[in-house]
Structures are given as structure tokens and as C-alpha cells.
Amino acid sequence: MNSGRCAACRYLRRRCAPDCIFSPYFPSNNPQRFVSVHRIYGASNVGKLLQQLPTHLRAEAADSLYFEAQCRVEDPIYGCVGLVFLLQQQIHDAESQLAKTLAEVAVLKSHAKHPQAQQFEAESDFNNLLQKQLDNVANLSFSNQATSGFM
Amino acid sequence: MGGSSPCASCKLLRRRCAKDCIFAPYFPSDDPHKFAIVHKVFGASNVSKMLQELPVHQRPDAVSSLVYEANARVRDPVYGCVGAISYLQNQVSQLQMQLAVAQAEILGIQMQQEPAMPTQIEQDDKSFPLATNYNLDNISQSLNFASSSNVIQDPALKRESLWT
């Protein structure tokens, strides 16, 4: 019954048992999916990982393993961690830009309330408000927390 | 120097640590956990193959990223690093929305004050495009399985450098 084998068992050239751990997540119509995952993690590690999970979570785990494997194939140095880097940088840039913009809003609002304020106060206001906004943005939930140990 | 101790990898694998051991520069014996976790997730053989395919000067970063991914996978066996990516993407989206609201507010205020005045929103600021070299649009679609309840809410995702 060769046509009934999942992609994993086809690749590994073995019989695909009815309770094969791979077959729900590595169908035979997508051999590349298993090839990627096997190349990075190894079939044995993938099987062990899936076995340790409740059945209802295995599909998501298989998907995330495939995603990470693909990232690693495309970027052998950083894998999907390169994307983490990029996003962290984007967050940093976005926080700065947001703080600056909020400070501008605050200055504009304050000048709207007190239009007779002197022009030379504007820069000082802006700097003070910018600092305040930077502090506020830095206190958002994903900021200013100690590194915990991924490394 | 005949008595140099085996690297963490060779200790764990219980083999002789050769002078040209591919793991030794990156998995010193004083940090056994580092190799243990990479071996658990990727397997020593796969790590060795991956390192061999890279030029030597790129291997330290590769090892660091593998350790990072392995840690993420051990912490979150379902989503691994992908959970972190989803979380960070959410943060970027939220910040972009907040920025758009703030910029709209500036426009509104300026229009109230001087309707004829050109906009002063700084267009020279980079409006941070979403990561293009990883084609985030496709990634977003394929990441919709990382629901917020399962996403790693991890302080390490903040802009700490991943490795020193």
C-alpha cells in the first residue's frame, strides 16, 4: 500500500503505520515540508517532540517547525532569529517615532491652549514632552523588562 | 597541553574531543547546558552538518541563533520562536496604529489652527516598513495559527541584544 504512506514514511522508506505520528501533519502531497523539517531537526527529534504534545496541539507545532526550518534553510546563519532581530529593531524605531510624535501633539495642544506662549519656549516644551513621552513609551508592556534567559 | 578538557559537546556525547572538533570553539565545557539544549532540539549531527556548511567566521552567530531557537522551542514546544515572532509583529502593528492616530491628531490640530498650512508631519522619518526581506505579508498569513493566548509573552523579546 505504497500510495498510503505519508511524506515522512515515504522519505524514510518505511511502512506507514496507521498510528504514524507524522502522517496527519506531513501528507504525501507535500514532500518538501517533511524534507525541510527533517533536514533541520531530524525525523527522530520531530517525532519525539510531537509525541510529547497533546494531539490537538500537534498540527500547530508541525507548522511552526516547518516555518522555522524554512527560515533556517533560507538563512543558515540566523534562521528565523533574523526576523526576531528585525522586528525588535522595528519596535525600537517605532517607539522612538511614536514618542516624538506624541511630544509634537502635546506641544501643539499646549500652544493651542496658550497661543501667546513665546516661540523660544517651544523647543524646551518639545524636549521636555519628548522625554516624558519616551519614558511613557518605554514603560509599555514590552519595554524595560529584564532579559530572561533565552541565551 | 595534553590534558585539555573535552568540549561540552564531546562530554555529552562521550567521545574524544579532537583538536579540530567542530563544536569545541562554540560549546565550551563550562556551559554544558548550551549544547544540551541544542542537541535536544536539533541533534548533534544536524548541528554539525549546519556548521560545516558555513564559513568559520559565520559559525559563532549561527550557534547563537541555534541556541536561541532551541531555548524558544523548549520553553514553548508548540510554537517555539514563531510565538515570539507573532508577538513582536503584534507589537509593531500596535505601534503603527498608535503612530497613525498620533499623526492624524497632529493633522487635525494643524487644520484647526491654520487650515491653509501645509502639513508638518515629518515625512523624512522612516515610516518603518514591515520587514520586507522576510516577506512579512506571507509570514503573517502563515502565522495566524499563533493565537495570542499561546504566544510567548516574554521579556526577552524586548530589544535586548540576543547575544553579546
Side-chain angles (χ1 to χ4, degrees), chain A residues 39-42 44-45 48-49 52-53 57-61 63-68 71-72 74-95 97-98 100-102 104-105 108-109 111-112 115 137 140-151, chain B residues 40-43 45-46 50 53-54 58 61-62 64-69 71-73 75 77-85 88-89 91-92 95-96 98-99 102-103 105-106 109-110 112-113 125-128 130-131 133-134 139 142-143 145-146 150 154-160 162-163:
Chain A
R39 178 175 162 181
I40 301 302
Y41 296 100
S44 166
N45 287 334
K48 272 188 241 169
L49 190 136
Q52 288 165 6
L53 292 172
L57 292 175
R58 288 177 186 170
E60 310 259 285
D63 284 345
S64 72
L65 285 168
Y66 176 52
F67 180 85
E68 286 190 35
C71 285
R72 183 61 62 172
E74 287 169 22
D75 183 351
I77 304 170
Y78 297 107
C80 69
V81 177
L83 187 50
V84 172
F85 257 144
L86 201 60
L87 288 167
Q88 286 182 332
Q89 187 56 48
Q90 287 190 341
I91 287 172
H92 179 264
D93 293 344
E95 284 175 346
Q97 196 167 351
L98 180 62
K100 199 169 160 193
T101 306
L102 290 174
E104 275 181 54
V105 169
L108 285 173
K109 279 182 173 172
H111 286 177
V137 170
L140 291 173
S141 64
F142 47 85
S143 304
N144 266 359
Q145 299 187 32
T147 305
S148 75
F150 267 165
M151 296 302 295
Chain B
K40 179 176 172 145
V41 174
F42 294 101
S45 164
N46 290 331
M50 284 191 255
E53 287 169 5
L54 290 172
Q58 289 175 341
D61 278 355
S64 296
S65 71
L66 287 168
V67 173
Y68 184 95
E69 274 192 52
N71 273 296
R73 183 59 64 176
R75 285 184 152 212
V78 180
Y79 296 109
C81 230
V82 171
I85 291 168
L88 291 171
Q89 278 191 305
Q91 300 309 314
V92 171
L95 283 167
Q96 286 184 320
Q98 289 173 39
L99 183 61
Q103 287 173 336
E105 201 171 348
I106 287 178
I109 294 171
Q110 288 174 338
Q112 280 173 11
Q113 290 173 348
D125 278 338
K126 301 170 255 242
S127 59
F128 37 98
L130 287 178
N133 39 334
Y134 282 91
I139 291 170
S142 49
L143 282 181
F145 55 80
N150 285 325
D154 202 295
L157 302 177
K158 182 53 179 83
R159 55 181 184 279
E160 298 292 339
L162 295 178
W163 45 82

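Naming: A, B, ... by sequence-line order, numbering from 1 per chain.
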Do A:L87 and B:Q91 make a side-chain contact, defined as non-hydrogen atoms from C-beta onward lying under 4.5 Å apart? no
query: When you measure from the side chain of B:S65 to the backbone N and O of A:C80, does any donor-acceptor pair fall under 3.5 Å?
result: no
Between the CG atom in A:L86 and the CD1 atom in B:I85, the distance rounded to the nearest 0.5 Å is 10.5 Å
Distance col, row A:Q89:CD vs B:L88:CG, nearest 0.5 angstrom, shows 12.0 Å
With no hydrogens and no angle check, is any side-chain donor or acceptor of A:S64 less than 3.5 Å from a backbone partner on B:C81? no
Whatever's closer than 4.5 Å to a heavy atom in chain B on A:I40 counts as both
So CG of A:L102 and CD1 of B:I106: to nearest 0.5 Å the spacing works out to 8.0 Å
In short, A:L53 meets B:P77 closest at the heavy-atom pair CD2-CB, 3.8 Å
* If only atom types and distance count, is the side chain of A:N45 paired as donor or acceptor with the main-chain N or O of B:F42 below 3.5 Å? -> yes
Rounding to 0.5 Å, atoms CG (A:L57) and OH (B:Y79) come to a distance of 6.5 Å
Counting heavy-atom pairs under 4.5 Å with chain B, the top scorer among A:R39, A:Q52, A:R58, A:E68 is A:E68
Rounded to the nearest 0.5 angstrom, the CD-CD distance for A:Q97 and B:Q98 is 12.5 Å
Could you tell me if A:Y41 and B:N46 have a donor-acceptor pair between their side chains, going purely by distance under 3.5 Å? no
Taken to the nearest 0.5 Å, the spacing of B:Q89 CD from A:I91 CD1 works out to 10.0 Å
B:A102 and A:L98 have their tightest heavy-atom pair at CB-CD1, 4.5 Å
Of the listed B:M50, B:R73, B:E105, B:K40, the one with the largest count of heavy-atom pairs under 4.5 Å with chain A is B:R73
(request) Give the C-alpha distance, both sets of side-chain angles, the deciding distance and a yes or no for side-chain contact (heavy atoms from CB on, under 4.5 Å) between A:V84 and B:Y68. (result) CA-CA 10 Å; A:V84 172; B:Y68 184 95; 3.5 Å; yes
